[in-house]
Amino acid sequence: MKNARHKSEHVLQELVAYAHRHGMNDLNIHLACSTQGFDIDLEGDVSCRPDDLDALKQALNAPRQLELEGYYYELLGSSRDGREFQLIGAMVEHAEVTCEQGCLRIHVRGR
Amino acid sequence: MNDQPGSAALPPAKNGGGRERLMLTISVILSATAFLFDRPADILAGLIRTLSEPGILITDTMAIAGPGAAFLNSGLLLAAGLLIVRMNRVTLSGPVMAALFTLAGFSFFGKNLYNSWAVPIGVLLYAKYQREPFARYILPAMFGTALGPLTSQISFGLGLPPWAGIPLGNLAGVAAGFVLPPLANHFLRFHQGYNLYNIGFTCGILGMFFMGVLRAFGFDAGPVLIVSKGLNLPLAEFLYLFSIGLAIAGLFFGNVGFAQLFRLWRRPGRLVSDFIASDGFGVTLVNMGLLGILATSYVLVVGGELNGPLLGGIFTIIGFGAFGKHPLNTIPILAGVFLAATLHVFDTHSTPALLAALFGTTLAPLAGAYGWPVGVIAGFLHMSMVMNIGYLHGGMNLYNNGFSGGFIAATLVPLLEAARERKERDLT
């Protein structure tokens with residue numbers, strides 16, 4: 001539980017940095033942690049489709065990589081760029097990213 | 001999608017077969033090259049000699065055991081690393097490739113079949129202690145072999161009898177390995193991922209503690225510089241053929257063109273930049289091959305003489321061609337180190353100065369993220385720093401440049417970020 005909480009804080013920090021970089025200043029965030037892991041839902045309005053959305057989708061849906069998760073997860077949220085897609089992808093089990101009618105929604109599930 | 005449990009059974013590794021075969025081929029090439037240099041009996045004798053060498057910085061395995069033994073040592077350690085990766089079902093991703101090339105490279109100066117086990121065993125014990133799979137900590141375990149000389153130095157370099165030195169040396173290595181993963185994780189934030197050799201920084205801190213304790217008990221080691229001579233031509237031939245071979249192999253893996261290559265070269269390279277995941281294996285291999293040609297040419301153009309440590313440096317650059325380095329973020333660092341060496345008291349073509357240049361590329365992400373002038377400044381500062389810092393760990397941390405790079409990045413990044421924030425405020 002403690003581990004999931006700690007990881008979720010890092011992942012959330014990185015996702016918020018990504019949202020801010022794309023001008024999303026009004027965000028709805030839902031975070032749920034349990035012994036099974038964590039779920040994060042983040043949504044907000046964007047003026048246009050982010051140019052790196054496909055890269056984000058691809059990276060978040062990459063296979064989980066224990067070796068990256070175990071060593072590098074402290075880097076998540078360490079810069080204000082919000083570009084550590086690969087690292088989030090290596091840490092989460094499931095991700096959905098949609099951008100419809102000016103609303104960007106990101107859902108990730110990890111453990 | 002992802003289906004990997006946190007600590008239960010691991011899924012099969014997704015190495016596509018090709019990556020694993022390629023790394024196995026490289027291991028065979030390194031081992032076979034040994035027999036082009038020396039006779040089998042000499043190679044065996046040399047290999048046995050390496051086992052009892054302290055191996056602290058800078059000890060060229062080619063000088064103490066012969067080039068044949070050095071190549072076989074490298075091939076065997078690479079094969080061992082590959083076996084550990086396979087046994088733990090870890091994907092051969094960019095960072096794992098970098099770790100394997102670093103292992104092979106440092107087998108030419110400092111790592112050997114004796115001193116490369118204690119630290120990984122310590123990491124394994126830490127994984128058991130945390131009730132996590134070893135796969136989670138495989139990168140600190142492999143990179144952590146940088147502290148191999150800690151084991152060797154205590155075992156054979158302090159004048160202790162073998163019955164005391166060998167257990168004590170291995171105990172120190174295991175202890176260092178046990179504390180390495182949490183420390184390595186923690187220190188990432190110190191330089192914010194702009195120092196690619198993060199374990200080098202961590203091992204520098206650990207080595208500093210161990211050396212402090214040893215010095216307090218009256219044990220010390222003076223500076224060491226043992227390098228081979230007269231191998232420029234065969235080593236240059238090997239490195240060029242090897243690098244060109246990698247680039248050609250990349251073409252066979254497909255999806256390689258100038259557009260893909262330039263896309264990769266536009267990436268800053270900050271940790272975590274797995275080029276295999278972001279750009280594909282083919283173009284990554286081409287990048288690795290080009291970096292090998294670039295690094296070898298740098299050494300030769302400034303009048304350096306190729307030897308074991310420089311071969312190790314070039315192998316490490318090639319490996320990190322899958323994990324953060326490319327010519328555009330590497331050249332500014334080389335230029336900065338060259339400039340510093342020209343103005344300083346150091347010879348640009350001496351082995352320590354060339355090692356500073358090659359391993360100074362640990363700071364390549366600074367050039368990639370903030371531009372080439374910052375890269376030149378980082379290279380310049382690195383050259384000054386790295387020549388002063390080795391005393392702290394007494395040469396027991398083989399990644400001395402990673403130690404120095406951590407301080408440079410941690411100092412420059414906050415200043416650069418402050419300048420960037422101010423610039424952004426002015427624009428809005």
Side-chain angles (χ1 to χ4, degrees), chain A residues 1-4 6-7 9-10 13-14 17 20-21 23 25 34-38 52 54-97 107-111, chain B residues 1-7 10-11 13-14 85 88-91 93-96 99 123 126-127 130 132-143 180-182 184-194 198-199 267-268 270-278 369 413 417 420-421 424:
Chain A
M1 178 77 163
K2 188 182 167 192
N3 202 20
H6 188 54
K7 273 191 219 166
E9 288 163 15
H10 283 278
Q13 220 175 342
E14 196 70 27
H20 284 167
R21 186 159 62 83
N25 296 323
S34 70
T35 50
Q36 302 300 311
F38 62 88
D52 55 358
D54 291 333
L56 177 70
K57 276 185 192 175
Q58 188 194 341
L60 292 191
N61 285 302
R64 195 168 164 204
Q65 289 175 265
L66 276 186
E67 72 280 8
L68 287 187
E69 177 181 332
Y71 179 17
Y72 291 114
Y73 80 90
E74 281 287 345
L75 271 181
L76 281 180
S78 65
S79 83
R80 57 197 184 91
D81 282 351
R83 293 181 200 273
E84 293 296 342
F85 311 157
Q86 279 189 356
L87 198 46
I88 301 178
M91 287 177 62
V92 301
E93 296 191 322
H94 177 79
E96 282 171 34
V97 181
H107 169 74
V108 295
R109 180 183 303 145
R111 70 165 78 191
Chain B
M1 200 54 86
N2 308 303
D3 57 358
Q4 189 151 340
S7 57
L10 293 159
K14 298 176 182 67
V85 167
N88 288 281
R89 298 174 179 274
V90 173
T91 307
S93 57
V96 177
V123 176
Y126 179 77
Q130 289 290 346
E132 299 274 11
F134 179 60
R136 188 181 286 267
Y137 303 106
I138 200 160
L139 288 172
M142 287 204 291
F143 281 124
L180 192 60
N185 207 290
H186 173 73
F187 286 132
L188 278 167
R189 287 222 162 201
F190 182 64
H191 54 76
Q192 297 186 38
Y194 287 95
N198 176 56
I199 291 279
R267 298 191 187 280
R270 177 182 173 243
L271 289 172
V272 175
S273 295
D274 182 348
F275 292 154
I276 296 175
S278 61
V413 170
E417 281 298 310
R420 194 161 79 168
E421 270 177 38
E424 282 174 2

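Residue numbers start from 1 in every chain, and the chains themselves are labelled A, B, ... in the order their sequence lines are given, proteins ahead of strands.
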Any chance you could lay out the side-chain contact (heavy atoms from CB on, under 4.5 Å) test for A:Leu68 and B:Val272, step after step, and finish with the verdict?
CA-CA 8 Å; A:Leu68 287 187; B:Val272 175; 4.1 Å; yes

Examine whether an atom of B:Val413 lies under 4.5 Å from a heavy atom of chain A, and if so say whether it belongs to the side chain, the backbone or both; otherwise answer neither.
neither

Heavy-atom distance under 4.5 Å to chain A: side chain of B:Pro181, backbone, both or neither?
neither

Does a sphere of radius 6.0 Å around CD in B:Gln130 hold more than 12 heavy atoms from other residues, nucleotides or ligands, not counting ones at 6.0 Å or beyond?
yes

Donor-acceptor under 3.5 Å (B:Arg189 side chain, A:Glu74 main chain)
yes

Taking the side chain from A:Gln86 and the backbone from B:Asp274, do they hold a donor-acceptor pair closer than 3.5 Å?
yes

Can you list everything that forms a side-chain contact (heavy atoms from CB on, under 4.5 Å) with B:Phe190? Sequence neighbours excluded, please.
B:Phe201, B:Phe407, B:Ala410

Pairing residues for B:Arg267 by the side-chain contact (heavy atoms from CB on, under 4.5 Å) criterion, not counting sequence neighbours
B:Arg263, B:Phe275, B:Ser278, B:Asp279

State, with a plain yes or no, whether a side-chain heavy atom of A:Tyr71 is found less than 4.5 Å away from one of B:Asn198.
yes

To the nearest 0.5 Å, how far apart are CD in A:Glu67 and OG1 in B:Thr91?
6.0 Å

Counting heavy-atom pairs under 4.5 Å to chain A, which of B:Leu271, B:Val96, B:Ile138 comes out on top?
B:Leu271

Please report the shortest heavy-atom distance between [X] and [Y], naming the atom on each side.
X       : Y        : result
A:Leu75 : B:Gly193 : CD2-N, 3.6 Å
A:Gln58 : B:Ala277 : NE2-O, 4.1 Å
A:Tyr72 : B:Asn185 : N-ND2, 4.3 Å

Using a strict threshold of under 4.0 Å (side-chain N to carboxylate O), is an ion pair present between A:Glu69 and B:Arg136?
yes

